[in-house]
A.B. asks: 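First the structure, then my questions, so here it is.
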Amino acid sequence: KIEREHLTIEKIALEVEGAFQLPALLFSPRQPGKKAVLYLHGESMTADAAPGGAIEQLVAQGCIVLAAELRGIGETETGKRRKAFGAGRFGPDNLEILTAYLMGKSFVGMRTDDVMAWSAFLKSRAPGIHLQAIGEAAIPALHAAALIPGAFGAGSLRRLIKAWEPLAGDVETFDQSVNIVHGALRDYDLPDLIEMAGRDRVTIEEPVDGMGKGARGVLKQER
């Protein structure tokens, strides 16, 4: 445990598939309320964890905040430790993504399982869970919200691509392999997941294109 002036931080590890562990930081205010936030950052659990940062601002409102990592993010990301083939455009985890593909799996699907596991843990600490996901964590979070309607009180997804379909026609994309589910467009696209999760429950902030670029602000979904 780490003690700060108005909160306590617990270091937690989640065992996944009996094979490896995913880390998280659990922020608890001195007098916690009934609201909890599952905070998933696409870079690291520590990205917004500094004193006075975005996570502490939520804790100051009485929220319990679980800053958790999904596989291939933060401590379990392998690409930063080697010069992987195609990493410049396909992303640092491309070898793991291709291995999963050969096994009939997707990183999105496996990371969605991680989101569900973390939400089950957090539910044991507080009844009402809100979801915040940024970057690479946003698409798995959206899938989890769609697959378990009502599991989250509200969801905020930042730096999410608007849809998969435009990627198929783009001349060039950057680090999108990790966000793709092979063959998914035969059945659904990301806007369909927003419908399933509930438009009144999901807010898309700072949407980006296939190159990870986009205007700041909130994307208002068309009805």
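On a predicted model such as this, the values are computed, not experimentally measured, just so you know.
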A.B. asks: Any side-chain heavy-atom pair from F27 and E10 closer than 4.5 angstrom?
C.D. replies: no

A.B. asks: Can you spot which of N179, I180, V178, L193 makes a side chain to side chain contact (heavy atoms under 4.5 Å, CB included) with I139?
C.D. replies: N179

A.B. asks: Could you work out, with side chain to side chain contact (heavy atoms under 4.5 Å, CB included) as the rule, every residue matching T112, not counting sequence neighbours?
C.D. replies: V108, M116, P140, H143, A144, L147

A.B. asks: Holding to salt bridge (charged side-chain N to carboxylate O under 4.0 Å, His left out), I want the full list of residues that pass it with E15, two or more places apart in sequence or in another chain.
C.D. replies: none

A.B. asks: Clusters formed by hydrophobic residues whose side-chain heavy atoms approach within less than 4.5 Å: which one holds V115, and what are its other members?
C.D. replies: I12, L14, V16, F20, L22, L26, L38, L40, I64, L66, L70, I73, W118, F121, L122, I129, L131, F152

A.B. asks: With a 4.5 Å cut-off on side-chain heavy atoms, are K11 and L25 touching?
C.D. replies: yes

A.B. asks: Applying the 4.5 Å side-chain criterion to the ILVMFWY set and letting contacts propagate, would L102 and M110 be lumped into a single cluster?
C.D. replies: no

A.B. asks: Measure across E165 and L185 and return the closest heavy-atom pair with its distance rounded to 0.1 Å.
C.D. replies: CA-CD1, 3.9 Å

A.B. asks: Which residues pass the salt bridge (charged side-chain N to carboxylate O under 4.0 Å, His left out) test with R201, not counting sequence neighbours?
C.D. replies: none

A.B. asks: Taking all non-hydrogen atoms of both residues, which atom of P191 and which atom of A163 are closest, and how far apart?
C.D. replies: CD-CB, 4.0 Å

A.B. asks: Check side-chain hydrogen bond (donor to acceptor under 3.5 Å, both in side chains) between E136 and all other residues, then give those that pass, not counting sequence neighbours.
C.D. replies: R111

A.B. asks: Holding to side-chain hydrogen bond (donor to acceptor under 3.5 Å, both in side chains), I want the full list of residues that pass it with R125, two or more places apart in sequence or in another chain.
C.D. replies: none

A.B. asks: Is the shortest side-chain heavy-atom distance between T99 and E96 below 4.5 Å?
C.D. replies: no

A.B. asks: For residues 45-52, run the donor-acceptor check on the side chains, cut-off 3.5 Å, and write out each pair with its distance to 0.1 Å, sequence neighbours left out.
C.D. replies:
from	atom 1	to	atom 2	distance (Å)
T46	OG1	S44	OG	2.9
D48	OD2	Y39	OH	2.5

A.B. asks: Find the distance between CG (L98) and OG (S177) and round it off to the nearest 0.5 Å.
C.D. replies: 7.0 Å

A.B. asks: Of all residues at least two apart in sequence or in a different chain, which pass the salt bridge (charged side-chain N to carboxylate O under 4.0 Å, His left out) check with E69?
C.D. replies: none

A.B. asks: Please report the closest heavy-atom contact between L160 and A138, naming both atoms and the distance.
C.D. replies: CD1-CB, 3.8 Å

A.B. asks: Please list, chain by chain and in numerical order, all residues satisfying ring-ring contact (aromatic ring centres under 6.0 Å, His included) with H130, sequence neighbours excluded.
C.D. replies: none

A.B. asks: Go through the structure and list residues passing ring-ring contact (aromatic ring centres under 6.0 Å, His included) with H6, not counting sequence neighbours.
C.D. replies: none

A.B. asks: For a 4.5 angstrom cut-off between non-hydrogen side-chain atoms, does L58 reach Q132?
C.D. replies: yes

A.B. asks: Side-chain contact, heavy-atom cut-off 4.5 Å: V181 with S106?
C.D. replies: yes

A.B. asks: What residues form a salt bridge (charged side-chain N to carboxylate O under 4.0 Å, His left out) with E3, not counting sequence neighbours?
C.D. replies: R30

A.B. asks: Given the rule that I, L, V, M, F, W and Y join up when any side-chain heavy atoms are under 4.5 Å apart, are V202 and M196 in one cluster?
C.D. replies: yes

A.B. asks: So do the side chains of L190 and I161 get within less than 4.5 Å of each other, counting heavy atoms only?
C.D. replies: yes

A.B. asks: Could you report the tightest heavy-atom contact between A133 and A141, atom names first, then the distance?
C.D. replies: CB-CB, 3.6 Å

A.B. asks: Going by ring-ring contact (aromatic ring centres under 6.0 Å, His included), name the residues that satisfy it together with Y101, two or more places apart in sequence or in a different chain.
C.D. replies: H182

